[in-house]
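Structure record follows, encoded as structure tokens.
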Amino acid sequence: MTAYVFAGPTIARAEIEAAGPDMVCLPPVAQGDVYRVVRRRPRAIGIVDGYFEGVPAVLHKEILFAMAEGIHIFGSASMGALRAAELHAFGMRGVGRIFEAYRDERLEDDDEVAVVHGPAEAGYVALSESMVNIRATLERAVQEGVIGAPARQALERIGKELFYQARSWQALHGRAGAQGLPAEELHALRAWLPAGRIDQKREDALAMLAAMRELLAAEPEPMRVDYHFEWTHMWDEAVRLASAAGVHSADARDVVAHQRLLEELRLEPQAFEEARRQAFLRLLGLRECDRRRVGVTGHAKRKATNRFRAERGLFHRQEVERWLAENDLEASAFERLMAEESRLEGLKSMAAPMLDAHILDHLRLAGSYTRLAERARRKQKALAEAGVDDPQPGDAGLTPLRPRLWYFEHRLGQAMPEDIAAFARELGFSSVADFDRALLREYLYCAAEERSRGTGETSTAGD
């Protein structure tokens with residue numbers, strides 16, 4: 001049960017990973033990131049830090065979408081506290097004093113939690129101090145008798161007047177001294193700070209990790225919401241933009257490696273065009289799954305996994321692990337792929353009654369229509385002349401088993417599947433009886449063709 005946590009300057013990656021083996025740390029959240037992580041089908045998502053200046057902030061609607069998809073969403077400390085205060089009525093779970101202050105409207109301004117920080121290479125190190133940390137620290141300083149209440153009020157006012165990127169204890173002391181605050185109290189505060197400073201954002205983030213760990217340990221059911229998620233034109237555009245980019249990667253080497261791989265593919269035009277066509281269909285299919293609320297069930301996911309492994313001969317754990325390593329996938333990413341496959345199969349079943357006309361158009365565009373239409377006409381004519389244009393099981397002394405064995409062993413070169421009904425459904429037949437009639441027509445037609453050529457043997461070819 002994987003959980004993803006968006007964090008940067010507030011809490012270190014190591015602290016998130018130490019919270020549990022299924023905790024995955026991602027960079028600060030930006031618009032589209034939550035939507036893309038939903039594709040991985042995690043059990044929970046935690047938001048601590050997020051971009052809001054220079055990069056579009058995470059949308060409220062993508063959080064609502066994630067919860068509607070059954071994912072538990074937590075928020076704390078920084079951007080997470082803001083979004084949780086705004087969305088707690090819809091089910092987002094806020095954790096910590098900062099969230100509570102926003103929820104209870106004791107805090108209102110976004111700049112209370114804002115900081116400027118370094119790049120990913122530097123671990124998103126904070127280069128300024130947040131106002132919420134300043135407030136919490138000054139509160140403790142008063143409680144411990146380091147400064148008095150008037151000095152605290154003055155220092156909070158001065159801190160609030162500073163632009164968030166310029167907030168630091170050094171800047172605060174400098175302005176306080178220039179404005180005539182008691183030197184004795186400022187000196188005492190400066191001496192006390194190294195041991196007394198409160199990092200309220202980090203404490204709240206740790207509390208959120210503990211809450212997420214508790215949830216995962218309880219193996220919870222998917223999140224249930226009491227609202228209807230509306231798929232609007234604006235949301236469709238947001239999905240389009242999100243799908244055009246990837247989740248911010250903490251490891252640029254992965255991005256470079258994937259770009260190099262795609263470069264190799266682009267040098268093979270036919271393979272690239274086919275890959276792009278399939279990717280396009282997959283993209284549209286998954287978006288339609290979202291729009292139609294096609295979910296994931298344990299049975300469907302196991303079925304998709306078993307089919308995938310059987311098709312590739314991955315019958316043992318070591319073979320699966322080797323395949324994952326060869327394809328640069330973690331186990332959680334494989335789980336996401338299988339969840340997507342099961343959703344696409346569900347969508348395909350829903351769309352089956354509408355596909356036939358589109359299949360015919362595809363055959364016309366692909367150049368296969370004429371060949372198949374001509375063969376269908378020849379078969380119908382031959383069967384009509386033989387008086388078996390609508391054969392039924394038992395005609396010509398044949399039971400359904402004989403055409404089945406002929407079809408699978410001689411035509412397809414494989415063993416007959418145990419679940420004939422499932423195989424027939426995969427081919428679009430409405431029932432096993434329809435499938436058997438189609439096999440019987442094909443068997444009788446091929447036999448007639450062989451007899452007309454004077455061999456007296458049943459054909460094993462597809463004409």
Side-chain angles (χ1 to χ4, degrees), residues 5-11 28-31 34 46-60 63-64 73-117 124 126-144 147-169 171-172 175-176 189 193 196-212:
V5 180
F6 292 97
T10 296
I11 188 170
V29 70
Q31 182 176 319
V34 168
I47 300 175
V48 176
D49 295 303
Y51 292 100
F52 71 96
E53 187 176 89
V55 177
V58 58
L59 296 173
H60 298 78
I63 296 173
L64 293 171
I73 309 293
F74 291 74
S76 183
S78 192
M79 176 62 79
L82 290 169
R83 289 293 183 263
E86 294 155 345
L87 296 174
H88 74 278
F90 295 92
M92 185 174 180
R93 183 171 172 183
V95 180
R97 293 183 59 186
I98 299 170
F99 154 72
E100 293 168 358
Y102 278 114
R103 180 198 61 193
D104 300 339
E105 299 183 354
R106 289 181 279 115
L107 291 178
E108 295 182 354
D109 299 333
D110 293 358
D111 82 306
E112 290 279 339
V113 294
V115 297
V116 62
H117 58 77
Y124 301 103
L127 303 176
S128 63
E129 181 65 287
S130 69
M131 192 64 210
V132 289
N133 281 356
I134 290 173
R135 292 185 190 278
T137 301
L138 293 176
E139 179 183 356
R140 174 174 288 184
V142 171
Q143 292 172 352
E144 296 187 7
I147 59 174
R152 170 191 173 182
Q153 294 173 359
L155 287 166
E156 286 185 349
R157 172 183 56 78
I158 294 170
K160 188 66 175 175
E161 290 172 351
L162 288 167
F163 182 49
Y164 81 91
Q165 293 185 356
R167 282 191 190 122
S168 67
W169 287 106
L172 191 61
R175 287 204 177 190
L189 178 63
L193 270 175
R197 173 183 173 270
I198 301 297
D199 190 344
Q200 190 63 52
K201 292 178 68 174
R202 179 175 176 274
E203 290 184 7
D204 284 7
L206 289 172
M208 187 195 78
L209 292 179
M212 293 180 70

Is the side chain of [X] donor-acceptor paired with the backbone N or O of [Y] at a distance under 3.5 Å, no angle test?
X	Y	result
N133	Q200	yes
T137	I198	yes
K201	V113	yes
R175	L162	no
Y164	E129	no
R152	I147	no
S76	G96	no

Hey, what do you get for [atom1] ([X]) to [atom2] ([Y]), rounding to the nearest 0.5 Å?
X	Y	atom1	atom2	result
F99	M92	CZ	CE	9.0 Å
I11	L206	CD1	CG	4.0 Å
I47	I63	CD1	CD1	4.0 Å
Q31	F52	CD	CZ	15.5 Å
R106	E112	CZ	CD	11.5 Å
F90	H60	CZ	NE2	10.0 Å

(message) Could you tell me if the side chain of R83 sits less than 4.5 Å from the side chain of I73, heavy atoms only?
(response) no
Using every non-hydrogen atom in the two residues, find where [X] and [Y] come nearest and quote the distance to one decimal.
X	Y	answer
A211	R93	CB-NH2, 3.8 Å
A84	G94	CB-CA, 3.6 Å
Q165	S128	O-CB, 3.7 Å
V48	A77	CG1-CB, 3.9 Å
I98	D204	N-OD2, 2.9 Å
P9	P28	CD-CG, 4.4 Å

(request) Using the side chain to side chain donor-acceptor pair (under 3.5 Å) rule, take D49 and T10 through it: C-alpha gap first, then chi angles, then the decisive distance, then the call. (result) CA-CA 7 Å; D49 295 303; T10 296; 2.6 Å; yes
(request) Using a strict cut-off of less than 4.0 Å between a Lys/Arg side-chain nitrogen and an Asp/Glu carboxylate oxygen, indicate whether E156 and K160 qualify as a salt bridge. (result)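 Not counted as a salt bridge, because no side-chain N and carboxylate O are separated by less than 4.0 Å.
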(request) Identify whether the distance between the nearest side-chain nitrogen and carboxylate oxygen of E100 and R97 falls below 4.0 Å. (result) no
(message) Could you walk me through whether L138 and L189 satisfy the side chain to side chain contact (heavy atoms under 4.5 Å, CB included) test, starting with their C-alpha distance in whole Å, then the side-chain angles of each, then the deciding distance to 0.1 Å, before giving a yes or no?
(response) CA-CA 9 Å; L138 293 176; L189 178 63; 4.1 Å; yes
(request) Just do the side chain to side chain contact (heavy atoms under 4.5 Å, CB included) check on M79 and F6 with the steps written out, would you? (result) CA-CA 10 Å; M79 176 62 79; F6 292 97; over 6 Å; no
(message) Classify the ring geometry of Y124 against H117: parallel below 30°, tilted from 30° to 60°, perpendicular beyond 60°.
(response)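 Rings of Y124 and H117: perpendicular, as their planes differ by over 60°.
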(request) List the steps and the verdict of side chain to side chain contact (heavy atoms under 4.5 Å, CB included) for M131 and L107. (result) CA-CA 11 Å; M131 192 64 210; L107 291 178; over 6 Å; no
(message) For E105, I'd like to know if atom CD has over 12 heavy atoms of other residues, nucleotides or ligands within 6.0 Å.
(response)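 Not more than 12 within 6.0 Å, no.
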(message) Does atom CZ (R202) have a neighbourhood of more than 12 heavy atoms from anything else shown, all under 6.0 Å?
(response)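 No, not enclosed.
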(message) One pair to check against salt bridge (charged side-chain N to carboxylate O under 4.0 Å, His left out): E139 and R135. What are the steps and the verdict?
(response) CA-CA 6 Å; E139 179 183 356; R135 292 185 190 278; over 6 Å; no
